[in-house]
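First up is the structure itself, then whatever we jot down about it.
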Amino acid sequence: MATGRGRLLRQLCLGLQALHLPLGGLVAAPGSGGFRKGPGDNFAAGCTTLKQSARHERSRERSSAHCSVSLDGLPSEILLKILSYLDAMTLLCTGCVNRRFYHLANDNFIWIRIYSTAFSPKRSNWKVNSVEKTAEPVNVLSVEDKEAGYWKKEYVTKQIASVKAALAQVLKPVDPYTGLPVKTKEALRISGLGWVIILKEKGGKEYIMEHVDLSINDSSVSIVWYGKNWPRLATLSTLDLCGVTPVFMDRSKTPTKNGPRWHSLIAKYSLRDLPGSTVMGCDRIIRLFRLNPGLLVGLWKREEELAFVMATLHFHHLVERSTLGSATVPSELPAHTPLLDDSPEHGLHGFQLHVDMHSGGTSYLCSTFHNLFTKKGCIENGYVKLIVIRFKNNTEHLPLIGKVGFTWRTDIFDGYIKTYRVDYMDSTGQVHMELVWIEETEEYFIVSLVLYLSTAKINHWFGTQY
């Protein structure tokens, strides 16, 4: 019994110490005989002290809550002084708090200092008047005559221009065999470039979805979106594919997704008639549809709802398409300089085709075909025909590595769709490929590969009239 009372009193002492309460009513002074006076009296005194201290604590909390000062309640002059110590990224994020902070974070005096620090001319140590010349442009600027946020816009615009210039410098070296930039992967890494899809409802509501998976291949990048919270397909009208790039690029740091970013529209797709479109393939769970250019959409078979979206983007002007456009208008690619055909009577010659087949991180084929040609009369339905692999020529047939098909995955299910035929078409041309499974060798072979180039593009590129 004594042991139980002692344990109870010790627990009470520890509780009072955690609350920073006085223990005078509970612990006897040294030499006074400890608790011999009577455990009941001491316990009652301790409880009384605890109740009084609790009431005092509640009273103090009410008083502090009544007298608390919120940051939003401070005068604008004090808030502007606080904001003047922030860097550009933090200042932009602060402007998203509420309407008042948005206007305060647009202050021209704060932003002109940030602008001048970042983009003022570099001072030279060997020139006596370099400091004066550097400060002179800032002094003559009329800050008050500009509308609120002017220097913020100037800073962000120039910052974006500097990022684009840095990326253009990285992408200058070109592979003479593929005609593609050598350092595309490096440009993607240092720029922090990513991709989102924006699903728009018929009523105007938007859903922005970040990519879940990304794989970079020899000549393209594949991006996948899936999740549990897709909006209903019947309510959606369009899908926008956009590149997103951080406004601030620092090669020494990993790009963050939480900072300010700008959108560049790559392509816009209509989802109104998706369930009635041509099915590319299916398994027991999903049906696969293709939207041009380069978008695959998987629908659950049972409910006709979105399961996943996959985009495959070629490296050709990939960074430019993903960064140079606006949120509503895609970037315009530079005009292609025509290369006149040397021998019009023999048709086109000297073509080169690079094929990179992959799915779900597995590569089936990566090969380049050289010295392709076509006769002048090989025109079918507005396309010039280039035969790469002939069906009747067994020596040209190519074996593929692994089990060929389309591998898909979501956060709940995954699956695999076999394919024996590959067809692709865009404004530039068409690709037709046939596959055959050989039981004896248990291998897939490409037995036919035909490339069709649009005659309109041929006329523009080569100046040849077909």
Side-chain angles (χ1 to χ4, degrees), residues 93 96 188 192-217 220-246 254-313 322 327-328 358-362 403 405-419:
C93 294
C96 299
L188 298 179
L193 175 61
W195 294 269
V196 299
I197 54 175
I198 304 176
L199 301 169
K200 297 183 179 181
E201 289 187 345
K202 298 170 185 177
K205 186 176 180 180
E206 295 184 353
Y207 302 86
I208 300 179
M209 303 188 68
E210 303 278 350
H211 71 263
V212 178
D213 195 12
L214 182 147
S215 60
I216 300 177
N217 306 290
S220 64
V221 57
S222 299
I223 312 109
V224 182
W225 294 265
Y226 58 79
K228 301 177 182 177
N229 300 318
W230 290 97
R232 290 188 59 81
L233 180 60
T235 65
L236 299 176
S237 59
T238 60
L239 182 152
D240 292 355
L241 172 62
C242 298
V244 288
T245 313
T254 303
T256 176
K257 292 184 178 181
N258 298 326
R261 302 183 295 173
W262 82 83
H263 285 199
S264 174
L265 179 64
I266 298 175
K268 184 184 288 286
Y269 305 88
S270 174
L271 298 179
R272 295 180 185 272
D273 303 322
L274 181 60
S277 304
T278 305
V279 179
M280 280 193 61
C282 65
D283 58 15
R284 60 186 181 86
I285 301 178
I286 68 138
R287 292 195 300 160
L288 189 64
F289 298 85
R290 183 186 69 218
L291 297 177
N292 289 327
L295 195 74
L296 295 178
V297 180
L299 297 186
W300 299 116
K301 255 186 177 182
R302 186 171 182 180
E303 300 178 355
E304 289 290 347
E305 292 295 337
L306 290 169
F308 63 85
V309 174
M310 178 178 177
T312 301
L313 304 175
S322 301
T328 56
H358 53 83
S359 177
T362 303
K403 185 180 178 182
F406 178 75
T407 303
W408 62 269
R409 180 167 63 92
T410 67
D411 46 7
I412 302 177
F413 301 106
D414 55 22
Y416 172 81
I417 300 175
K418 290 183 179 180
T419 181

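Each residue takes its place number in the sequence, starting with 1. All values below were derived from every heavy atom in this structure, side-chain atoms included, with hydrogens, water molecules and symmetry-related copies excluded.
Leu241 is listed as a side-chain neighbour of Leu313, based on a closest heavy-atom distance under 4.5 Å. Side-chain contact between Leu291 and Leu271 is present, with heavy atoms from C-beta onward closer than 4.5 Å. The shortest distance between side-chain heavy atoms of Ile223 and Ile197 does not fall below 4.5 Å. Counting heavy atoms from C-beta on, the side chains of Leu296 and Trp408 never come closer than 4.5 Å. Within the 4.5 Å cutoff, the side chain of Ser222 has heavy atoms near those of the Asn217 side chain. Counting only heavy atoms from C-beta outward, the side chains of Cys242 and Trp262 never approach each other to under 4.5 Å. Taking the side chain as every heavy atom from C-beta outward, Leu239 and Val297 never approach each other to under 4.5 Å.
Between Tyr226 and the choices Leu306, Val309, Asp411, the side-chain contact (heavy atoms from CB on, under 4.5 Å) rule is met once, by Asp411.
With hydrogens and angles disregarded, no donor-acceptor distance shorter than 3.5 Å links the side chain of Lys268 to the backbone of Thr328. Of the possible polar contacts, one joining the Thr235 side chain to the Arg232 backbone as a donor-acceptor pair under 3.5 Å is found. A distance-only check finds a donor-acceptor pair linking the side chain of Ser237 to the backbone of Lys200 [under 3.5 Å].
Looking at every heavy atom in both residues, Ala307 comes nearest to Ile286 through CB-CG2, 4.4 Å. The shortest heavy-atom contact between Ala311 and Leu295 is CB-CD1, 3.7 Å. When all heavy atoms of Val196 and Glu210 are compared, the closest pair comes out as CG1-OE1, 3.5 Å. Heavy atoms only, all atoms of each residue included: Pro246 and Gly192 are closest at CD-O, 3.5 Å.
Every residue meeting the side chain to side chain contact (heavy atoms under 4.5 Å, CB included) condition with Ser322, not counting sequence neighbours, appears here in chain and number order: Leu193, Trp195, Ile266, Leu318. For the salt bridge (Lys or Arg N to Asp or Glu O under 4.0 Å) test, residues two or more places apart in sequence or in another chain that qualify with Asp213 are Arg409. For Tyr207, the side chain to side chain contact (heavy atoms under 4.5 Å, CB included) criterion is met by Leu199, Glu201, Lys205, Pro231, not counting sequence neighbours. Partners of Asn229 under the side chain to side chain contact (heavy atoms under 4.5 Å, CB included) rule, at least two apart in sequence or in another chain, do not exist in this structure. For Arg287, the salt bridge (Lys or Arg N to Asp or Glu O under 4.0 Å) partners at least two apart in sequence or on another chain are Glu304.
Between His263 atom NE2 and Thr245 atom OG1 the span is 9.0 Å, to the nearest 0.5 Å. Arg290 contributes atom CZ, which lies 11.5 Å from atom OG1 of Thr312 (distance to the nearest 0.5 angstrom).
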Walk me through whether Tyr416 and Asp283 qualify under side-chain contact (heavy atoms from CB on, under 4.5 Å).
CA-CA 7 Å; Tyr416 172 81; Asp283 58 15; over 6 Å; no
Please evaluate residues Glu303 and Leu233 with respect to the criterion side-chain contact (heavy atoms from CB on, under 4.5 Å), reporting the C-alpha separation (whole Å), side-chain torsions for both, the decisive distance (0.1 Å), and the verdict.
CA-CA 10 Å; Glu303 300 178 355; Leu233 180 60; over 6 Å; no
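Among pairs with a residue in residues 284-305, those fulfilling ring-ring contact (aromatic ring centres under 6.0 Å, His included) read Trp300-Phe413, at least two apart in sequence or across chains.
Using cut-offs of 30° and 60° for the angle between ring planes, the Trp225 and His211 rings count as perpendicular.
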